[in-house]
Amino acid sequence: MRRTRVLEALSSTQARDAILVKGWVRTRRDAKGLSFLEINDGSCLKNLQVIVDAATPAAAALDTITTGAAVEVEGALVASPGKNQQWEVHANALQLLGGADPDSYPLQKKRHTDEFLRSIAHLRPRTNKYGALFRIRSEAAFAVHQFFRQRGFHHLHAPIITGSDCEGAGEMFRVTTLPVSPPPGTPERAGAADDFFGKEANLTVSGQLEAELFACSLGNVYTFGPTFRAENSNTPRHAAEFWMIEPEMAFADLQDDMDLGEDLVRGLVNHVLEHCAADLELFARFVDPDLMANLRTIAEESYVRMPYTEAIAVLQRSGKAFQFPVAYGVDLQTEHERYLTEEHCKKPVMVYNYPKEIKSFYMRLNDDGQTVAAMDLLVPRIGELIGGSQREERLGVLERRLGEFDLRPQDYWWYLDIRRFGTAPHAGFGLGFERFLMMVTGVTNIRDVIPFPRTPKHLEF
RNA sequence: UCCCCGGUAGCUCAGUUGGCAGAGCGGUUGGCUGUUAACCAACUUGUCGCUGGUUCGAGUCCGGCCCGGGGAGCCA
């Protein structure tokens, strides 16, 4: 008999004489002559209630069945007389596939703290909350591909190992096959020239530069993959390994870029609202009571667009005593972002046209000569969700900007080549996938939206 | 990396002025009941983060270190 998934069984429209279900026992309640098993197989949030009658052969296996055990049940799907479920299974046969010692199985029926569950990251997806979370993560990842595919974007697999140490987006992880300490008798210290690639190699911090190259061939592209930062930053919003979505569009300007960013965030939220309703409800109920109202705002209302100079003026007029004083030329601090998005606008805000000094070399210099065509999308509670810009496509200007940042043009020969041969206006941005998931679930720690988070001093699992 | 708070049973926590190591939950056993985070009763559970010091005596006071949480910086 083919295995029926719990999701399928629970959405059944009629009773079935024979059904085969496999899953893990969430709880077991015993009554006189009857045992109630709650079976979950990960297909959905809900469990399937299985009733084992002491008079049936299925009861023989009962004394081995404890919370956490993997089981196989054959029986009949019937309408449940109980209050909390429409369908239940009356077992004819019950088989233990894998036991779970109740003395050492760490998950109990009661609620656990996120901190404790983080220490058993291999088992936490068996809880309601983390099962729901990682189903949402999976669905959201699918929605990313669907969104771009529908708009004619091509998916680019940007390299994970990079030879350019000049992406300028933070500290990098070194990739090497050289021994940690040179073996005895080694005449001189091995250098990068002796390493696997013959030069210094690192894990990528961004696929943007590669995406630009491909955008100037395939038109519209996006990358969606892991990126790495070796920053020793210990906050609930940072991880050493995280996933980024980086679209890049040819023949596009900052306006197009902001439009795409807004469409993407809105589209992903709508997709999750539509396809993950049951899982999402758990977060609305137990994690963030305001979740649904916030998501509706993000999905339905248009986002505020505000030049940097106006953002500065708003902050100065606010009358707030900020820890970091506000003046033209300063980068927006966390407290400033929160004021703009949570108090002033009460919805997502795109701030654009930043002073050139506080942004990267590759962002397109505006006609005023003072600002660059950069934009950040700030959202309540999360802060910066998107950072992007129109790229500098003019060879001369780009070379001058490299100089202003003390960068060597020869390190960027391929990047400059794109401006030499058929250069075209183009724009793109990066969206932190985990930050999106935090926004969409109300979860406040990035470690809880990554299956196996990598943070300073943490590399278990 | 900086500031603040914390680390006691499998989990969540209490522990008074320095004086016998505690509760709830979980687990086990028994009872009861088409049960629903079931219920009732009994039983079970310790490297008090590690280390050094003060003291007749330290979970409690002091130093160092490790780990966790919150905030900040860096950033997505």
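Please read these numbers as outputs of a predicted model, since none were measured by experiment. Chain naming here is simple, since letters A, B, ... match the order of the sequence lines and numbering starts at 1 in each.
- Contact check, A/Arg29 against B/A38: a side-chain N or O comes under 4.0 Å of OP1 or OP2.
- Closest to the side chain of A/Pro102, from the set B/C75, B/G27, B/U36, is B/G27.
- Counted by atom type alone, A/Glu212 and A/Tyr362 present zero donor-acceptor pairs between their side chains at under 3.5 Å.
- Here the closest non-hydrogen pair linking A/Leu123 and A/Leu107 is O-CD1, 3.5 Å.
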Listing time: all N or O pairs from protein to nucleotides 30-34 of chain B that are below 3.5 Å?
{"residue": "B/C32", "atom": "OP2", "partner": "A/Lys32", "partner atom": "NZ", "Å": "2.8"}
{"residue": "B/U33", "atom": "N3", "partner": "A/Asp30", "partner atom": "O", "Å": "3.2"}
{"residue": "B/U33", "atom": "O4", "partner": "A/Asp30", "partner atom": "O", "Å": "2.8"}
{"residue": "B/U33", "atom": "O4", "partner": "A/Ala31", "partner atom": "N", "Å": "3.2"}
{"residue": "B/U33", "atom": "O4", "partner": "A/Lys32", "partner atom": "N", "Å": "2.9"}
{"residue": "B/G34", "atom": "O6", "partner": "A/Glu88", "partner atom": "OE2", "Å": "3.4"}
{"residue": "B/G34", "atom": "O6", "partner": "A/His90", "partner atom": "NE2", "Å": "3.3"}
{"residue": "B/G34", "atom": "N1", "partner": "A/Glu88", "partner atom": "OE1", "Å": "3.4"}
{"residue": "B/G34", "atom": "N1", "partner": "A/Glu88", "partner atom": "OE2", "Å": "2.6"}
{"residue": "B/G34", "atom": "N2", "partner": "A/Gln49", "partner atom": "NE2", "Å": "3.0"}
{"residue": "B/G34", "atom": "N2", "partner": "A/Glu88", "partner atom": "OE1", "Å": "2.4"}
{"residue": "B/G34", "atom": "N2", "partner": "A/Glu88", "partner atom": "OE2", "Å": "3.3"}

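- Here the closest heavy-atom approach between residue A/Leu378 and residue A/Thr341 is recorded as O-OG1, 3.5 Å.
- We find that CZ of A/Arg285 is positioned 11 Å from P of B/A37, with the value rounded to whole Å.
- Pair assignment for B/U36 gives none, since no Watson-Crick or G-U wobble pairing has each distance under 3.5 Å.
- No donor-acceptor pair under 3.5 Å is formed between the side chain of A/Lys347 and the backbone N or O of A/Val304.
- Distance, A/Trp87 CH2 to B/U35 P: 21 Å, rounded to whole Å.
- Taking the C1' atoms as reference points, B/U12 lies 16 Å from B/G27, given to the whole Å.
- In this structure, A/Arg447 places its CZ atom 12 Å from C1' of B/C67, rounding to the nearest Å.
- With sequence neighbours excluded, the residues satisfying side chain to side chain donor-acceptor pair (under 3.5 Å) with A/Glu8 are A/Arg2.
- At a threshold of 4.0 angstrom between heavy atoms, the contacts of A/Thr235 include nucleobase atoms, whether or not backbone atoms are also involved.
- Nucleotides B/U16 and B/G59 place their P atoms 12 Å apart, quoted to the nearest Å.
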Each nucleotide in nucleotides 7-15 of chain B should get exactly one letter: B, S or -. Can you fill that in based on protein heavy atoms under 4.0 Å? ---BSS---
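- Here, B/G6 and B/A14 have their P atoms 10 Å apart, quoted to the whole Å.
- Side-chain N/O atoms of A/Arg237 and A/Asn445 include no donor and acceptor closer than 3.5 Å.
- Just one of A/Asp279, A/Asp448, A/Asp114 meets the salt bridge (Lys or Arg N to Asp or Glu O under 4.0 Å) condition when paired with A/Lys129; it is A/Asp114.
- Using cut-offs of 30° and 60° for the angle between ring planes, the A/His157 and A/His155 rings count as perpendicular.
- To the nearest whole angstrom, the two C1' atoms, one in B/U55 and one in B/C61, are 10 Å apart.
- A/Asn445 comes within 4.0 angstrom of the backbone, heavy atoms only, and of no base.
- Aromatic ring orientation, A/His271 versus A/Phe142: tilted (interplanar angle from 30° to 60°).
- Taking the C1' atoms as reference points, B/G46 lies 25 Å from B/C56, given to the whole Å.
- Distance noted for atom P between B/G24 and B/A41: 10 Å (whole Å).
- The interatomic distance linking A/Gln323 (CD) with B/C3 (C1') rounds to 10 Å, in whole Å.
- Separating the CE atom of A/Met172 from the P atom of B/C74 is a distance of 20 Å, rounded to the nearest angstrom.
- Going from the C1' atom of B/U35 to that of B/A21 covers 38 Å, rounded to whole Å.
- When both distances must be under 3.5 Å, the Watson-Crick or G-U wobble mate of B/U1 is B/A72.
- When both pairing distances are held under 3.5 Å, B/G19 makes a Watson-Crick or G-U pair with B/C56.
- Annotation: cation-pi geometry satisfied between A/Arg124 and A/Tyr130 (NZ/CZ under 6.0 angstrom from ring centroid, within 45° of ring axis).
- Rounded to whole Å, the separation between the C1' atoms of B/G22 and B/A9 comes to 10 Å.
- Using a 4.0 Å cutoff on non-hydrogen atoms, no part of residues 134-146 of chain A comes near RNA chain B.
- Across all strands shown, A/Leu107 has no heavy atoms under 4.0 Å from either base or sugar-phosphate atoms.
- For A/Tyr308, the ring pair (Phe, Tyr, Trp, His ring centres under 6.0 Å) test picks out A/Tyr328, A/Tyr354, with sequence neighbours left out.
- Base-pair partner of B/A41: B/U29 (Watson-Crick or G-U wobble, both distances under 3.5 Å).
- Between the side chain of A/Glu88 and the backbone N or O of A/Val78, no donor-acceptor pair lies under 3.5 Å.
- Between A/Thr27 and B/U36, a side-chain N or O to OP1/OP2 separation shorter than 4.0 Å is absent.
- In this structure, A/Arg149 fails the cation-pi test against A/Phe153, since its NZ or CZ atom is not both closer than 6.0 Å to the six-membered ring centre and inside 45 degrees of the ring normal.
- Listed by chain and residue number, A/Tyr222 satisfy the side chain to side chain donor-acceptor pair (under 3.5 Å) test with A/His145 (two or more places apart in sequence, or in another chain).
- The residue A/Phe324 sits close only to the backbone: its heavy atoms come under 4.0 Å of sugar-phosphate atoms, none of a base.
- Looking at heavy-atom distances under 4.0 Å, A/Lys83 makes contact with a base.
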